[in-house]
Amino acid sequence: MPSERSIDPADGAGGRAEGQVRVAVLAGGMAARMGAAKAAVELCGRPLISYPLAAAREAGLEPVVVAKRASELPALRERVIHEPDRPHHPLCGIVAALRERETAVVAVGCDMPFVSGALLRRIAGGAGGPGGALAARLDGRLQPLPARYTPADLPLLEDALAGERSLRSTLARLSPGVLDERELRDLGVPERLCFSVNDERDLLRARRWLEG
């Protein structure tokens, strides 16, 4: 398998490609509850991160991985964008991806094995809010991952990152367009589409779902 390629957002090497939406798979978290780097955790014989990457390719969107330089990753063919070492916050990866290339991103966690290509495609192409952000709503709550963020959102995202505000509350401030639960059901089981593996119990549940 080809070795990973890395880009530092500060070097400008990513260029510009207006009009294209990328999928940014966030892999820079600490994974404290899992006890191991989630991107490389095995689920049914595959690294956890391979599932959202496959969904991005299924959607016909360019996938990139956003991680810290010290993040443990499996062998990847996708480009890796290095976010700053501090803070440990999902906004860190979203901001790094938007800075690296001035195009919208659909941000998704490396720990989301049931996100589908159809959902990523819908989020990439759906009608967004005033700045272009778009997210799903499940059980009455906005889902910050997967969700679309745009370069127009950067000032608010950077301010929220500086204050280490929660991603969910930051998303609400963007007044995003919304995919409701009915629309999610057209694409699959909503609870699974937005499911994240945070600990061993979640990993066992995901394995049962995949094997069932």
Side-chain angles (χ1 to χ4, degrees), residues 7 9 21-41 47-49 51-53 55-56 61 63-73 76 78-101 103-115 119-120 123-124 128-129 131-138 141-176 179 193-199 202:
I7 276 188
V21 180
R22 299 183 295 168
V23 174
V25 181
L26 308 183
M30 295 179 67
R33 283 184 283 172
M34 180 64 74
K38 286 199 280 187
V41 166
L48 196 52
I49 196 174
Y51 292 90
L53 289 172
L61 300 170
V64 294
V65 174
V66 191
K68 299 192 182 299
R69 291 187 180 279
S71 297
E72 181 183 342
L73 300 172
L76 297 169
E78 290 79 15
R79 275 188 318 121
V80 178
I81 298 170
H82 286 134
E83 64 182 65
D85 293 337
R86 293 285 187 274
H88 285 275
H89 195 295
L91 276 167
C92 204
I94 295 169
V95 167
L98 289 171
R99 284 175 174 169
E100 188 263 335
R101 187 187 296 173
T103 59
V105 298
V106 177
V108 60
C110 70
D111 57 356
M112 303 185 77
F114 300 101
V115 68
L119 176 58
L120 296 181
I123 292 175
L134 178 64
R137 180 182 286 128
L138 180 62
R141 305 179 73 199
L142 286 174
Q143 302 299 305
L145 300 174
R148 188 175 77 216
Y149 300 87
T150 76
D153 300 327
L154 262 174
L156 191 150
L157 296 175
E158 290 170 336
D159 179 70
L161 178 60
E164 296 193 40
R165 301 185 186 95
S166 77
L167 181 53
R168 193 183 304 275
S169 66
T170 301
L171 174 62
R173 291 176 64 201
L174 296 175
S175 300
L179 295 178
L193 289 171
C194 299
F195 179 78
S196 297
V197 174
N198 292 308
D199 53 30
D202 289 340

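- Considering every non-hydrogen atom in both A172 and L142, the closest pair reads CA-CD1, 3.9 Å.
- To the nearest 0.5 Å, the span separating CZ on R165 from NE2 on H89 amounts to 9.5 Å.
- Note: L167 CG to C92 SG = 12.0 Å, rounded to the nearest 0.5 Å.
- The CZ atom of R99 lies 11.0 Å from the CD atom of E83; values are rounded to the nearest 0.5 Å.
- R148 contributes a side-chain N or O that, together with a main-chain N or O of I123, makes up a donor-acceptor pair within less than 3.5 Å.
- Checking each of L145, N198, L26 against D111 for a side-chain contact (heavy atoms from CB on, under 4.5 Å) leaves exactly one that passes, namely N198.
- Proximity of a side-chain donor or acceptor of K68 to a complementary backbone N or O of H82 within less than 3.5 Å is not detected.
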_Run the side-chain contact (heavy atoms from CB on, under 4.5 Å) test on Q143 and R168 for me, step by step, so that the C-alpha distance in whole Å, both residues' side-chain angles and the decisive distance to 0.1 Å come before the verdict._
CA-CA 7 Å; Q143 302 299 305; R168 193 183 304 275; 3.9 Å; yes
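- Heavy-atom minimum distance, G131 versus A152: O-CB, 3.8 Å.
- With hydrogens and angles disregarded, no donor-acceptor distance shorter than 3.5 Å links the side chain of S175 to the backbone of G129.
- With rounding to the nearest 0.5 angstrom, the CG atom of L156 is 11.5 Å from the CG atom of L161.
- Taking NZ of K38 as the start and CD1 of I49 as the end, the distance is 11.5 Å to the nearest 0.5 Å.
- To the nearest 0.5 Å, the span separating CG on L98 from CG on L157 amounts to 6.5 Å.
- Counting all heavy atoms, side chain and backbone alike, L138 lies closest to C194 at CD2-CB, 4.1 Å.
- A pairwise comparison of heavy atoms in A135 and A147 identifies CB-CB, 3.8 Å as the closest pair.
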*Between I81 and R22, is a side-chain contact (heavy atoms from CB on, under 4.5 Å) present by the stated rule, with each step listed?*
CA-CA 13 Å; I81 298 170; R22 299 183 295 168; 4.1 Å; yes
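- Nearest heavy-atom pair across T150 and A133 is CG2-N, 4.2 Å.
- Side-chain contact check for L48 versus C110: every heavy-atom pair is 4.5 Å or farther apart.
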_Candidate pair L53 and L76, rule side-chain contact (heavy atoms from CB on, under 4.5 Å), full reasoning_ = CA-CA 10 Å; L53 289 172; L76 297 169; 3.8 Å; yes
*Just do the side-chain contact (heavy atoms from CB on, under 4.5 Å) check on Y149 and L171 with the steps written out, would you?*
CA-CA 9 Å; Y149 300 87; L171 174 62; 4.0 Å; yes
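- Heavy atoms only, all atoms of each residue included: L73 and A27 are closest at CD2-CB, 3.9 Å.
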